[in-house]
Amino acid sequence: QVQVVESGGGLVQAGDSLRLSCAASGRTYSIYAMAWFRQAPGKECQFVAGVNTRTESTMYADSVKGRFAISRDNAENTVYLQMNSLKPEDTAVYYCATRRVPGLGTTYYDYTTWGQGTQVTVSS
């Protein structure tokens, strides 16, 4: 089994930055990819960014390209999401997820382990 715990959310103003962390534990050797999703009230869960832990390739949603960056600390089994130039539309609960089959997916169904989420609120 794999477990993940997110941290780093908060309330910021538009234009500010935040860094989210996702710490994985358990059978981390079985992880092929880790990703961040977000869900705003009344909206569907949306892929934000992901990293293939075997190839280090990354993928981003168009809405965050150039503003967000995903990175990984292998030794700590931790993935980070650096969020810059935050906008009110980035307000959501951000979830970390892991995938235990090859590839880097971008849909909810591509990932099997999810964290509890961390709230990010961006005020205008």
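The first residue in the sequence is number 1, and the count goes up from there.
- Under a 4.5 Å side-chain heavy-atom criterion applied to ILVMFWY residues, the cluster that includes V93 comprises F37, F47, M59, Y95, L104, Y108, Y109, Y111, W114 as well.
- Every residue two or more places apart in sequence or in another chain that forms a side chain to side chain contact (heavy atoms under 4.5 Å, CB included) with T113 is listed here: V2, V4, T98, R100.
- For D90 and K87, the salt-bridge test fails: no basic side-chain N is under 4.0 Å from an acidic carboxylate O.
- Not counting sequence neighbours, S71 has no partner by the side-chain hydrogen bond (donor to acceptor under 3.5 Å, both in side chains) test.
- Listed by chain and residue number, V51, Y60, I70 satisfy the side chain to side chain contact (heavy atoms under 4.5 Å, CB included) test with T58 (two or more places apart in sequence, or in another chain).
- Take T107 and apply the side-chain hydrogen bond (donor to acceptor under 3.5 Å, both in side chains) test, not counting sequence neighbours, and it matches D110.
- Listed by first and then second residue, the side-chain hydrogen bond (donor to acceptor under 3.5 Å, both in side chains) pairs involving residues 10-21 are S17-N84 (not counting sequence neighbours).
- Residue V101 is found outside any hydrophobic cluster, as its side-chain heavy atoms come under 4.5 Å of no other Ile, Leu, Val, Met, Phe, Trp or Tyr.
- Residues forming a side chain to side chain contact (heavy atoms under 4.5 Å, CB included) with N74 (at least two apart in sequence, or on another chain): E56, R72.
- Cluster partners of Y29 are absent, since no Ile, Leu, Val, Met, Phe, Trp or Tyr has side-chain heavy atoms less than 4.5 Å from it.
- Think of Y80 as one node in a network of Ile, Leu, Val, Met, Phe, Trp and Tyr side chains linked at under 4.5 Å; it has no links at all.
- With sequence neighbours left out, A92 forms a side chain to side chain contact (heavy atoms under 4.5 Å, CB included) with R38, A40, Y94.
- Listed by chain and number, the residues in a salt bridge (charged side-chain N to carboxylate O under 4.0 Å, His left out) with E44 amount to none (sequence neighbours excluded).
- For S63 against Q46, the heavy-atom pair with the smallest separation is OG-NE2, 3.8 Å.
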